[in-house]
Amino acid sequence: MVPLHYYLLVSAVVFAIGVIGVLIRRNLIVVLMSVELMLNAVNLTFVAFSRFLGSMEGQVAVFFVMAVAAAEAVIGLAIIISGFRHRQSLDPQEMQLLKW
Amino acid sequence: MDVDFTPLLPTAQLLVTALVVMLRDLFIEEHEPKCILVFLSLVGIGLAAGETLALWGVQESAFHDSIVLDNFAHYFALIFMLAAGLTILSSIDYVRQAGIHEGEFYALVLFATVGMMLMAAANDLMVFFLGLETMSIAVYVLTGMWRTNSRSSEAAMKYFLMGAFATGFLLYGIALIYGATGSTNLDLISDYLAEQPSEWPLYLIGGGFLLLIGFTFKVGAVPFHFWVPDVYEGAPTPVTGFMSVAVKAAAFAAWARILLHKLSALDSDWLFPLWVITIGTMTLGNLLAITQSSVKRMLAYSSIAHAGYLLIAIVVGAEWGGLPLLFYVLTYSFMTIGAFAVLSCLSEANNQRENYRDFAGLGFKRPFLGLAMSLFMLSLAGFPPLGGFAGKFYVFRAAVLSGHIGLAIIGVLNSLLSVIYYLRVIVAMYMEEGGAEGKSFRQASAVYVAIAVAAIGTLYLGILPASALNWSRIAFASLE
Amino acid sequence: MLSALLIITSLMVVFLRNVVHCALALVAALFIIAVFFVTLQAPMVGVLQVLIYAGAIMVLFLFVIMLLSPTTRERGGGVWWNLGTVLALILGGLLVPLLSNSESARDPLASTETFGSPEMLAKSLFNDFVLPFEIASVLLLVAIVGAVVLAKRER
Amino acid sequence: MVTSTPSIVAYDLLRWIPLIPLLASVVNLFWGRALGKKTAGALACAAVGASFALAVYVFWQLSATTIFRDLVYAWIESGSFQVNLSFQVDALTAVMLLVVTGIGFLIHLYSLGYMGHDEGMVRFFVYLNLFIFFMLLLVMGDNLLILFVGWEGVGLCSYLLIGFWYHDHNNTIAGNKAFIVNRIGDFGFVLGIFLLVTELGRQGIWTLDFLELQKHVQMLSPTTIGWITVLLFIGATGKSAQIPLFVWLPDAMAGPTPVSALIHAATMVTAGVYMTARLHFLFALAPLTLSLIAWIGAATAFFAATIALTQHDIKKVLAYSTVSQLGYMFLAVGLGAFSAAIFHLFTHAFFKACLFLGAGSVIHALDGEQDMRKMGGLKAHMPRTYWTYVVATLAIAGAPFTAGFFSKDLILWQAFSHGSLILWGAGFVTAGMTAFYMFRQLFLVFYGECRADDHAKAHLHESPAVMTLPLVVLAIGSIFAGWLGAPEYLWGSRWDHWLQPLFGGAEAHHGSVTAEIMVTVITLAIVSVGIYLAYVKYGRTGAHVGASAGAGGMLYRLSLNKYYVDEIYDAIFVRPFTACSQFFAEFIDPQIIDGTVNGVAAAARGASSIWVGIQTGNVQHYLAAFLVGALALLAYCLGQV
Amino acid sequence: MLGVAIGNLTIVLAIPVIGAAMIMLTPRRQTAALFSLALLASGLAFVWSVIVFSLFDGMSGEMQLVERVPWMPSFGIEYIVGVDGISIFLVLLTTFLMPIAILASWSVTEKVKEYLIFMLLLETGMLGAFVALDLFLFYVFWEVMLVPMYFLIGVWGGTRRIYAAIKFVIYTMAGSLLMLVAIIYLAARHAEAEQALTFDLLKLYDLHLPLDEQAWLFAAFALSFAIKVPLFPFHTWLPDAHVEAPTAGSVILAGVLLKLGTYGFLRFAIPLFPDAALAAAPYIIALAVIGIIYGAAVAMMQSDIKKLVAYSSVSHLGFVMLGLFAFNMQGIQGAVYQMLNHGLSTGALFLLVGMIYERRHTRMIDAFGGLWKPVPLFSALLLVITFSSIGLPGLNGFVGEFLILLGAFAVAPRWTAAAATGVILGAIYMLWMYRRVILGPLTNPDNEKLQDLGVRERIMLAPILALVVFMGVYPQPFLYRMQPAIDVTLKRIIAVTPVAVNHHPQAVLKSKSDGR
């Protein structure tokens with residue numbers, strides 16, 4: 001049987017990969033995807049724990065996280081769209097109106 | 001199963017109000033006045049506040065202890081509602097001439113408030129998390145709601161990105177804590193922490209730190225403060241006020257309940273980093289505020305600095321810091337909301353009048369605005385006998401009493417630094433000529449009501465803080 | 001084996017140049033995670049994962065991609081990429097020791113076969129977690145309203 | 001030298017003596033203009049006259065061993081330190097009282113005429129009365145602090161009166177100089193007082209009252225007394241124009257002539273002498289200080305005389321002669337011959353006042369001309385002035401049986417019998433020089449043909465009676481005032497009998513009569529030599545005055561330029577001090593101190609404007625920063641365990 | 001809570017505030033009404049303070065007319081006010097100068113309303129600071145005072161007013177904020193020791209801390225007071241503030257505000273931390289003496305009359321500090337007396353300068369000269385005030401300076417000797433200024449047309465001059481009322497009899513610590 005920390009490590013790695021995406025990608029949609037990736041990594045952790053603790057709370061949590069993820073995706077995409085209307089670009093680094 | 005819903009009454013009240021507002025909005029034609037919506041939302045807030053006061057002293061937990069309604073929750077609920085009410089009052093004309101959908105705007109303010117109240121009352125990490133998200137998403141939207149203004153949307157984007165990012169960390173923290181303690185319920189968690197402090201898995205502490213990161217982000221403390229200036233500057237001014245008060249307050253409320261109280265077992269682990277963060281937050285906030293040319297952005301930085309002062313109360317621990325924390329939050333809400341209300345008074349659709357030079361001569365063109373603004377500035381700078389001073393006094397007092405004299409001294413030096421830029425506003429208003437034309441400012445009584453309330457609150461808390469102090473003591477005591 | 005796949009797909013999400021490819025890679029990754037859920041005795045969650053994510057959310061993503069159809073090719077590479085990658089790797093490097101200690105290596109509890117079944121999920125969802133459930137609905141409502149407000153095209 | 005304890009009598013008439021002039025001054029200050037010049041002047045004179053009358057009345061009732069006292073009220077009480085505003089009159093005070101009020105009265109009369117045409121006459125009399133008030137305070141105060149009040153007060157009045165014609169810069173500058181130089185002296189004076197009070201206070205005695213002091217003076221250690229007396233004497237050098245602080249007096253001649261006569265000849269400048277006499281019990285215990293005083297006195301007498309030899313300004317000559325005569329007085333004080341000092345003070349008051357007023361009358365006649373080279377041959381035009389002037393000149397030169405003869409010879413005899421020949425020699429030579437420059441002046445002014453310019457010549461006239469009357473009175477005084485203090489081999493000194501009880505056996509040395517006569521004769525000899533030289537040089541014809549200027553070598557120029565003392569002081573004290581304060585005002589204050597302050601503020605701004613750069617506006621930078629923070633925290637978390 | 005019968009001091013404090021409120025309600029066009037209201041209020045305050053004075057028992061050194069109202073009871077913060085022989089005179093000085101200052105502001109034309117409101121608020125602030133007996137209350141008033149002054153300088157000031165105003169505030173706050181921490185710490189220590197939470201000054205007096213703690217606390221207090229005084233290196237805000245402030249502002253600033261610094265030393269810093277004060281005495285005395293000479297030297301070089309007077313204040317306040325830190329009756333009594341003197345004479349100087357400025361719109365010394373002919377009365381008054389500030393016997397200045405020097409001489413003869421040169425320098429620069437402004441030929445044609453003082457100006461100056469003379473001729477009424485209070489203070493500092501026994505601070509300190 002696979003030990004717990006195997007899952008934990010995998011999810012940690014995926015989380016880190018998600019972080020990479022958020023940091024480096026210059027396309028807001030991909031950045032948003034990377035965020036989803038992070039959340040899913042956390043989901044994996046939750047489920048793994050729930051399995052190994054034998055408590056359902058973890059799975060329930062995942063359920064809620066999905067809801068949150070959906071909500072964030074929706075809002076995020078909406079914001080991206082409205083932003084795209086202002087400057088025809090998806091590059092996060094081109095948002096330079098507000099600084100200093 | 002039998003569930004006692006009474007503790008949820010105020011929250012439900014607001015929720016219903018929000019829905020009513022949205023529905024009522026559908027039946028109003030495009031260009032008709034929408035004062036009714038304001039009226040509805042204010043009534044709703046009023047009722048909710050009334051219910052909260054009625055529930056004052058009630059100590060109940062419901063839904064398998066996933067939520068606790070105690071004076072602490074009530075105290076913050078009142079602050080949130082106050083903030084929401086004043087925000088709505090001061091945003092009426094702003095929203096109208098910015099072409100923002102009013103119905104949704106007010107509804108979202110109410111939704112955000114609901115989220116905050118849940119945060120303050122949450123006794124289960126899941127509830128807290130969902131409340132947080134409700135609030136955040138509502139505020140993301142509010143930030144970006146001035147769609148014709150590209151700054152607004154940029155602010156929304158930045159806020160959302162960083163918020164989501166932070167959410168990831170926060171959630172990770174929750175997950176790890178759940179993994180270590182086997183539950184998301186704070187009571188159980190604290191019991192676990194109390195029972196076997198010896199064999200904590202390492203990732204419990206790690207989870208605690210990730211949680212801490214999430215909170216630090218929400219209160220906008222260095223080094224997680226970067227979103228604050230940009231978002232505050234870009235967001236519609238009333239929203240900025242709402243954010244800088246209510247969101248911060250909510251974050252601190254949750255912080256006080258979860259980290260300071262339930263997870264207090266971990267205090268020793270993050271005391272030092274918090275100490276560093278506190279000093280950094282105060283200093284950087286004040287320092288960067290000095291060279292701003294936009295009052296709005298200056299206020300953003302100053303709100304960072306004030307988060308620093310609040311963190312002092314956190315650092316010195318629950319025993320000494322609790323009361324000052326709550327009291328400071330209260331005073332801070334009044335003066336900040338007031339300041340932003342004045343700011344939103346000046347702004348127009350095409351020209352937002354946020355710079356110091358726009359304030360030139362305001363004091364004599366618009367004596368009321370000038371007086372109120374200087375009141376808020378002096379209070380923020382910590383001049384007696386104003387609320388800001390009282391708040392600072394008790395925070396520093398707590399620091400000294402708990403032996404953190406270093407923090408106290410750095411704190412006062414920082415407020416000296418802050419005098420520089422707060423006074424600049426007064427200099428502009430009273431000692432310089434030119435600036436925006438007096439008559440072009442909004443006359444709407446609503447804003448003035450908001451400002452007046454804020455001003456009175458600031459004065460009252462400064463001159464006769466005894467009762468407020470008493471409330472905050474009771475409120476914090478109810479955590480135990 | 002599975003985890004290798006998961007990591008690879010996630011890397012593809014992050015490093016592929018074409019947005020659509022990224023999206024598809026993400027779909028793949030989500031599927032793999034769903035599989036993980038199933039192996040971890042969370043069949044219900046796995047199903048939801050497929051339905052909500054792979055179904056709803058990803059479709060939404062693809063819609064938006066089509067809608068905006070970014071003309072300019074995304075610029076990449078350069079010092080910033082390396083910097084970001086390094087930071088993230090450090091994060092991983094910190095998380096690994098944080099998570100992999102003896103304590104977390106304990107074996108799974110002997111679990112009943114009903115564990116993770118829809119019933120159990122529903123039970124705890126509608127008993128212990130009914131309040132969060134309600135809040136979640138509010139949350140989604142807020143999200144919808146917000147999305148409409150933000151994305152609706154002005155007349 | 002414990003004196004016979006005097007009998008003290010309360011006598012509350014005293015306060016009116018100083019009060020009357022004060023009241024007159026106040027009245028004139030507020031309503032003088034309304035009253036008009038004539039009445040105001042009359043009032044002023046009347047006031048001084050009244051207090052003169054009072055003084056005489058008091059003097060009548062006074063016996064050498066009684067002391068009248070009049071306590072007005074407690075002025076300052078602090079802890080156990082107390083000072084009263086109260087007056088006393090004893091033998092010494094009585095003399096001063098008569099001099100001040102009497103001569104003061106005469107000079108007031110004179111001023112009526114002299115200032116008659118000046119539009120500032122009322123102001124003048126206000127000042128003059130005020131001066132009399134302060135002077136009386138000085139001489140009548142029964143404690144050191146009241147004396148000091150008067151001391152400063154007369155300084156103020158001299159400041160005001162020197163700068164009376166304020167529209168001329170030189171006058172006002174001279175006024176400032178006078179006041180400030182006096183302040184320097186007072187600096188010593190105050191410190192002396194402090195030392196006295198605190199040292200006695202340490203013994204539990206808190207007083208500045210003269211009688212008390214006299215009682216407890218033994219408590220003090222000799223060194224302390226030495227310091228105290230030296231400090232006090234510094235005050236005296238300031239007020240009485242002794243080396244090194246004499247520089248202000250010649251310039252003070254810028255004031256109206258009656259002022260020079262009253263303040264800078266007869267009364268104020270002698271305050272130093274009075275003070276030392278008043279504190280004789282203190283000085284007598286400080287032999288070192290006494291010898292210092294003697295030397296300084298002698299030196300001053302000598303140098304001032306040498307300067308007087310060559311001056312052209314009629315008043316400057318008199319001024320330096322005053323300094324020189326004051327030197328005599330301090331010589332006497334230094335020899336412990338307080339009585340002699342006061343005696344010379346007394347006589348000097350008469351003839352010097354007479355001389356000044358005479359000079360004034362001359363200047364008045366030549367409307368404002370003061371250069372002796374532009375005078376001459378006035379004998380014919382103004383006989384009364386001339387004769388009185390002659391008398392006074394003889395007196396100051398010390399011609400037999402004039403006032404100066406007695407008093408000066410007394411001092412010289414003291415010096416001689418004291419056995420220090422150098423001191424005596426200095427006095428001796430000075431006597432000769434005095435005779436020379438006085439007669440030089442006499443000849444230059446009144447003999448020869450008139451060198452004044454024509455329009456001055458046109459209305460040469462004798463001064464009115466109101467001016468000449470005082471001259472006559474003073475002339476008479478400058479003969480007979482001296483007869484009070486005749487030496488033993490003549491009819492004896494009533495003066496000593498009068499002051500004996502006060503100063504006790506202060507002067508013990510009475511050598512052989514023959515020796516005394518010898519000294520007198522030699523003195524007369526050198527005096528006559530001086531007169532003869534003056535006659536030879538200037539008497540026959542004042543023609544070659546101008547030539548004389550060219551003549552004479554370096555010494556002459558030194559003397560003419562007053563040994564460049566002013567210039568030296570300027571170089572040593574004034575310039576460095578101004579330079580240094582300039583340095584303070586223009587560098588230290590704005591640059592260093594304020595610079596630091598503003599520097600801090602600037603630093604804050606600078607830091608702010610630099611650090612603001614981290615807020616790049618690039619959201620992914622923010623995210624990176626966020627991550628860094630998170631990493632730091634996690635690293636710390638790991639590092640902990 | 002305020003049901004307690006409102007005491008006289010509270011009334012004195014309240015009158016200006018009420019006046020300000022009434023002014024706020026008056027339409028801004030009716031300038032005359034505004035002025036008369038302000039005048040009325042300040043005058044009434046003066047009258048009432050005289051009533052207080054009449055109720056005051058000069059024979060006792062204790063706090064009198066004390067009022068206590070709990071303010072924040074749970075924190076031991078109370079509203080405590082009271083006066084003793086020291087503060088009563090400063091209260092009188094304040095209420096006495098304020099109407100005069102308002103009269104002097106007749107020339108203010110724009111924004112009159114705000115101006116007067118700020119003046120009255122300022123008065124309350126200063127009075128409060130003088131009568132407060134609760135450290136927290138004191139701090140509140142101390143800071144409250146700052147704001148109106150800041151506005152007065154910044155709004156109605158000269159060309160560099162903003163710089164001056166901000167400098168003033170920042171400088172003062174820099175000191176006072178540290179004092180706040182010290183106050184809190186002190187109260188905390190008291191709470192530890194006595195188990196009684198209080199900011200009551202009289203209670204805190206009895207707390208005796210070890211020297212090292214005292215040293216820190218004293219430093220914090222001393223810094224804030226030294227800036228206000230201002231003591232030598234902290235004085236640079238003063239010239240700027242004075243030069244830029246409107247006449248009335250300067251009058252109040254010099255007349256009253258500076259006294260708060262010295263008063264703070266006497267009331268708080270010294271008796272609260274006696275050992276530290278004694279230890280610090282030599283250094284503070286040194287600074288004071290440096291300040292005396294330095295201030296005089298710099299004053300002499302000034303070409304702007306106002307600046308000259310400002311620096312002269314630095315010099316004079318140096319004397320006051322010297323007296324305070326002599327720690328004997330003469331020194332302290334002289335110091336307190338000198339506070340009053342300086343308030344009067346420097347106040348009058350600023351008034352006179354202001355008058356000439358109103359006429360000629362310049363304060364440059366070389367713009368004047370020979371003013372006696374056109375404005376004899378002005379010149380005469382200036383002369384009197386000049387001599388009063390030089391310290392001429394018979395005028396008020398002398399008594400104070402004499403006592404100060406006498407007291408100081410017993411402690412530090414050499415320093416005192418150095419300080420005494422300040423008297424000479426004072427004469428030099430004041431007379432020099434007077435000569436260049438008033439005397440000499442009337443060169444500048446602009447000065448020929450000057451008209452002499454008007455009725456209002458005479459009314460303003462007459463009372464001051466009367467006091468200047470009276471206090472010089474008959475100081476007893478003031479001195480004997482101060483004595484008991486100072487005695488009490490002295491007893492708190494050390495067991496010194498009023499006699500100026502020569503205690504060298506360290507020596508006493510040693511003996512004290514041995515005593516412990």
Side-chain angles (χ1 to χ4, degrees), chain A residues 4-5 8 11-12 15 18-19 22-23 28 31-32 34-50 52-55 57-58 60-65 67-69 71-87 92 94-100, chain B residues 124-127 129-130 132-134 136-138 140-141 143-145 147-165 167-185 188 203 207 229-234 288 291-294 297:
Chain A
L4 169 59
H5 68 264
L8 296 186
S11 59
F15 187 86
V19 170
V22 176
L23 276 188
L28 282 168
V31 170
L32 197 49
S34 312
V35 172
E36 298 294 338
L37 207 52
M38 288 164 68
L39 294 182
N40 275 280
V42 179
N43 281 353
L44 188 50
T45 317
F46 263 115
V47 175
F49 273 127
S50 84
F52 281 77
L53 294 168
S55 80
E57 295 189 18
V60 179
V62 171
F63 176 82
F64 292 128
V65 174
V68 171
E72 281 196 345
V74 169
I75 292 298
L77 289 168
I79 293 178
I80 290 174
I81 290 169
S82 73
F84 190 82
R85 294 215 180 101
H86 282 287
R87 40 173 200 291
E94 281 179 15
M95 303 187 296
Q96 292 282 353
L97 288 174
L98 305 161
K99 55 174 151 183
W100 300 326
Chain B
D124 182 302
L125 285 175
M126 268 302 125
V127 177
F129 176 64
L130 289 168
L132 175 70
E133 280 306 311
T134 319
S136 308
I137 287 180
Y140 298 152
V141 178
T143 310
M145 244 180 133
R147 299 168 52 202
T148 56
N149 179 332
S150 60
R151 295 168 150 264
S152 170
S153 79
E154 173 175 335
M157 190 68 233
K158 285 179 171 172
Y159 194 12
F160 169 77
L161 270 185
M162 300 204 68
F165 194 63
T167 308
F169 283 80
L170 185 75
L171 198 58
Y172 210 147
I174 294 177
L176 292 182
I177 289 175
Y178 161 72
T181 61
S183 164
T184 57
N185 183 304
L188 302 179
Y203 53 77
D230 293 6
V231 174
Y232 280 22
E233 187 183 1
L288 297 198
T291 37
Q292 297 308 318
S293 62
S294 147
R297 200 169 171 85

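With hydrogens and angles ignored, the 3.5 Å screen pairs a side-chain donor or acceptor of His86(A) with a backbone N or O of Arg147(B).
Ile137(B) CD1 to Glu72(A) CD: the interatomic distance, rounded to the nearest 0.5 Å, is 5.5 Å. The structure places CZ of Arg87(A) at 6.0 Å from CD of Glu154(B), a figure rounded to the nearest 0.5 Å. Atom CD1 of Ile79(A) is separated from atom CZ of Phe160(B) by 6.0 Å, given to the nearest 0.5 angstrom. For the atom pair Asp230(B) CG and Gln96(A) CD, the distance stands at 9.0 Å (nearest 0.5 Å). With rounding to the nearest 0.5 angstrom, the CZ atom of Phe46(A) is 9.0 Å from the CG atom of Leu176(B).
With a 4.5 angstrom heavy-atom cutoff, Leu171(B) touches chain A via backbone and side-chain atoms both. Neither the backbone nor the side chain of Ala78(A) has a heavy atom closer than 4.5 Å to any heavy atom of chain B. Contacts of Met157(B) with chain A are made by both backbone and side-chain atoms, with heavy-atom separations under 4.5 Å. Looking at Thr134(B), there are no atoms closer than 4.5 Å to chain A (heavy atoms on both sides), in backbone or side chain.
Every pair passing side-chain hydrogen bond (donor to acceptor under 3.5 Å, both in side chains) that includes a residue from residues 168-182 of chain B is listed here, sequence neighbours excluded: Ser55(A)-Tyr178(B).
In terms of heavy atoms, Val42(A) sits closest to Gly168(B) at CG2-O, 4.1 Å. Taking each heavy atom of Leu97(A) and Ser150(B) in turn, the nearest pair found is CD1-OG, 3.3 Å.
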List the steps and the verdict of side chain to side chain contact (heavy atoms under 4.5 Å, CB included) for Leu98(A) and Lys158(B). CA-CA 10 Å; Leu98(A) 305 161; Lys158(B) 285 179 171 172; 4.0 Å; yes
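In terms of non-hydrogen atom pairs under 4.5 Å with chain B, the most contact-rich of Gly76(A), Pro92(A), Ser82(A) is Gly76(A). In terms of heavy-atom pairs under 4.5 Å with chain B, the best-connected choice from Ile75(A), Val68(A), Val22(A) is Val68(A).
Residues of residues 34-41 of chain A lying under 4.5 angstrom from chain B, judged on non-hydrogen atoms, are Val35(A), Met38(A), Leu39(A) by number.
Relative orientation of the Phe169(B) and Phe15(A) rings is perpendicular, given thresholds of 30° and 60° on the angle between their planes.
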